[in-house]
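Convention: sequence-line order gives letters A, B, ...; per-chain numbering from 1.
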Amino acid sequence: MSLIFTDDQKSLAQTVKRFVADRSPMPRVREVIGGEHAYDAEVWSRLAGDLGLAGLIIPEEYGGAGATHADLSAALRELGAGLVPSPLLACVLTAGALLALDDEPAKHDLLPRLAEGGLVGALAVSEPGERHWIPGTPATTATGSGDAVTLSGTKIAVLNGAEAGVLLVQATGPGGAALYLVEGDAAGLTVSRDAGVDPTRSTATVTFDGTPARPLAGDAAAALDRVADLANLAIAAEQSGAMLACLTMTTEYAKVRYTFGQPIGAYQGVKHKLADMYNRWALSDAALREATRAADEEPAKLGAAAAAARALTSSGYLTSAKETMLLHGGIGFTWEHDAHFYYKNAIAGNVLAGDGDYQLDRLADKLGV
Amino acid sequence: MTSTDEFRARARAWLEQNAKPFDEAADYDLEGTAVPLEESKRFQKALWEAGFAGITWPEEYGGQGLGPAELIAFSEEAADFELPTGPFTIGLGMPGPTILELGTEEQKKRYLPPLLKGEEIWCQLFSEPSAGSDVASLQTTATRTETGWIINGQKVWTSGAQHSDYGAIIARTDPSVPKHSGITMFIVDMSHPGVTVRPLVVATGHAPFNEVFFDDVEVSDDAVIGRVGEGWAAAVVMLRHERVTIGTGTRARSNPLGFDSLLELARARGLNDDPAVRRRLALLYARESALGAYGRVLHEESMAGVPIGARGSAAKLAGAEQALWAADLAQDLLGADLALGGADLERVVMAVVAAPGNAVAGGTNEIQRNIIGERVLGLAKDPGVDRNTPYNKLKLSR
């Protein structure tokens, strides 16, 4: 398979781009994040249902479309470019974890509902005071056995935890760290939405106090390793799209903003920064293409390729979002301008599902350094 | 089997018989002296006799009259071999195609066949000590005589001038018009007594280029390539061919500043467990593999008919930045031993010293950023305050 988009992928990207422009342009995003809900339920239902994004990479036997990671990344780029609030990332990771486990009843129960978008899933792994986003031995514990398992502990930065119908929770049980399924309305479950820096993403702090849970069969460590790769792919795709949006926005501005008798883009002080923004995006996007290619056809290389792509996109997007504010001058620092939403998205995205050092350590591990 | 497949198979068979396999571990031939000149000439002649020189050039000028598919097939097969054709790279890649495009019938008949047959070597004479990024401000003059022109001035960064029989030179023929308008391109005989070639020693201590001095060098009217006063357009044609030549380069040697080499260096020095070093090595890998992936994206797009346009400048800039970034890491791995030197470190130290060259050769990083800004992103052009001023009224470095 090649690194460039197929006609189908171009067409999917165009469809999602048009949808974002029609249904979730920035003025609408501002309304949503100013309201009480994490995302526009109508937009999510269309993204998941009409456009089929929730089930895109879920195999057909579990009600999905069985499409490729390159397909999904074509769509995620456009959603990232528009900063569209949605639980898609959380659902992709939940489905990815389930698919990597061996729990057929859970797969048959949950994956079709995730695929059609009716169910939002969330993954609860990070814990307070733990630097790694996937703890080796979680402080959250699972006690009891059979139908009487309960969880106790606290999980942080749970993506769409407040909107989730089910949570996959990593906890230390009798046999070590494992994954448990918790219903969103379970007893002893307290979910509190965070006031995070990025209003386009919803995270939550989740506490379990004797909360009923069901152990999920399978290798939890392997499943979470897979989730780390999927998170890197998906976040890198959103960030590549957002980087390009920042570059486009700033380039357009540099063509129409005049100082000293010329468009500011004529000055090398501005032009060269934009050229560097272009290169950061072009190389990050190429790394992402290589990572999705690995995911689709050379899984042994996925871990390194996904961490490499993520290491470049997260740091690159942060720099480009910052430059976007700076090159817009005063207007770029106002609330009225969109630049600060990208900057905040970049700041939060840089540490989501593992910060820069975590990704480089992971990459070094995968490369055998 | 298509005719291209047959051609490919024939090329493969010939290369296996006549060329050495590619050796990734071999050092770069920095001064072009690894292979004796006579052997290069003999090989080029054999290549032509076998039907693999001038693949896309017309038959009446010694070419094979085939299409780009055959050229690509040959290049792909040739990548697995060491072809000692270095002295002909410039001639075949730049002056040759330019003469083919702009030259007179007499010029094509006279100069192209000997070039293909390995009988004559060419160089390109553009850059000057005071005209680098701004080549059009060049100061070398060609003054009218009754029968032709007399050239005076100096060129620099000339690859292969010491071996060359002919050069393609651009010189100022009319200083009273704006700088781009008063330039003409000529064919100059490098054996003229007024031509002096001096090796140009660079920071590494090697001399991969030359300075060339012109002292009352006469050329005739039929030495003009294209038209008088239209030398800038001819230079643009030649530079377009240069980018293609560089862009379709052969396989890379193992890079002393690449991830594999620096990982080995870190291990040899017991630094690969240091968390900060591990992270920098990981980032080196990420950057290097992204650069490779970007090259493949551009290649696939060009194969699919999507124009690369000026995005080659993005790849060129990224490669130069990568070399400088990796050189910083190599220095930190070497620490104080960098100052001590020693035979076992010579290769990596030399690569560190050579790294800035990537950010200058073939257009500085600043020029690449201008190109990306203007031609990829469509930003307003640099104002070019000298664009409409007569050359003889310009402020110039002297």
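Residues B:R287 and A:L283 are not in side-chain contact: their nearest non-hydrogen atoms beyond the backbone lie 4.5 Å or more apart.
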Practice problem: Report the C-alpha distance between A:D276 and B:L317 in whole Å, list the side-chain angles of each, state the deciding distance to 0.1 Å, and finish with yes or no for side-chain contact (heavy atoms from CB on, under 4.5 Å). | Solution: CA-CA 9 Å; A:D276 285 338; B:L317 172 62; 4.1 Å; yes
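No more than 12 heavy atoms of other residues, nucleotides or ligands sit less than 6.0 Å from atom OH of A:Y343. More than 12 heavy-atom neighbours from other residues, nucleotides or ligands sit within 6.0 angstrom of CG on B:D344. The 12-atom threshold is exceeded at CZ of B:R311, counting heavy atoms of other residues, nucleotides or ligands nearer than 6.0 Å. Environment of NZ in A:K301: sparse, with no more than 12 heavy atoms of neighbouring residues, nucleotides or ligands closer than 6.0 Å.
Here A:Q262 is the residue among A:E252, A:Q262, A:R289 with the most heavy-atom pairs under 4.5 Å with chain B. No other option in A:A305, A:A266, A:A308 has as many heavy-atom pairs under 4.5 Å with chain B as A:A266. Note: B:A314 leads B:G373, B:A315, B:P275, B:A314 in heavy-atom pairs under 4.5 Å with chain A.
With rounding to the nearest 0.5 Å, the separation of CD in A:E290 from OH in B:Y294 is 16.0 Å. Taking CD1 of B:I372 as the start and NZ of A:K271 as the end, the distance is 11.5 Å to the nearest 0.5 Å. Between the CG atom in A:L360 and the CZ atom in B:R278 there is a gap of 10.0 Å [rounded to 0.5 Å]. We find the CZ-CD distance between B:R369 and A:Q268 to be 10.5 Å, quoted to the nearest 0.5 Å. Atom OG of residue B:S289 and atom CG of residue A:L363 lie 7.5 Å apart, to the nearest 0.5 angstrom. A distance of 5.5 Å separates CG in A:L274 from CG in B:L379, rounded to the nearest 0.5 Å.
For B:R280, no part lies near chain A; criterion is any non-hydrogen pair under 4.5 Å. For A:I4, the parts lying under 4.5 angstrom from a heavy atom of chain B are both the backbone and the side chain. Contact annotation for A:L367: only side-chain heavy atoms (C-beta onward) come within less than 4.5 Å of a heavy atom of chain B. Looking at A:D357, the atoms closer than 4.5 Å to chain B (heavy atoms on both sides) sit in the backbone and in the side chain alike. Neither the backbone nor the side chain of B:V277 comes within less than 4.5 Å of any heavy atom in chain A. If you measure heavy-atom distances from A:L247 to chain B, the contacts under 4.5 Å come from the side chain alone. For a residue to count as touching a neighbouring chain, one of its non-hydrogen atoms must lie under 4.5 Å from one of that chain's; by this rule B:Q368 does not touch chain A. Of the atoms belonging to B:L283, heavy atoms from both backbone and side chain fall under 4.5 Å from chain A. In this structure, the portion of B:A304 lying under 4.5 Å from any heavy atom of chain A is its side chain and not its backbone. Only the side chain of B:L281 comes within less than 4.5 Å of a heavy atom of chain A; its backbone N, CA, C and O stay farther away. Looking at A:D361, both its backbone and its side chain come within 4.5 Å of chain B, counting heavy atoms on both sides.
In terms of heavy atoms, B:V297 sits closest to A:A286 at CG2-CB, 4.3 Å. Summarising the geometry of A:L312 relative to B:A290, their closest heavy-atom pair is CD1-CB, 3.4 Å, with the distance given to 0.1 Å. For the residue pair A:A364 and B:A282, the shortest heavy atom distance occurs at N-CB, 4.0 Å.
The side chain to side chain donor-acceptor pair (under 3.5 Å) test with A:S2 singles out one residue from B:H299, B:R296, B:E300, and that residue is B:E300.
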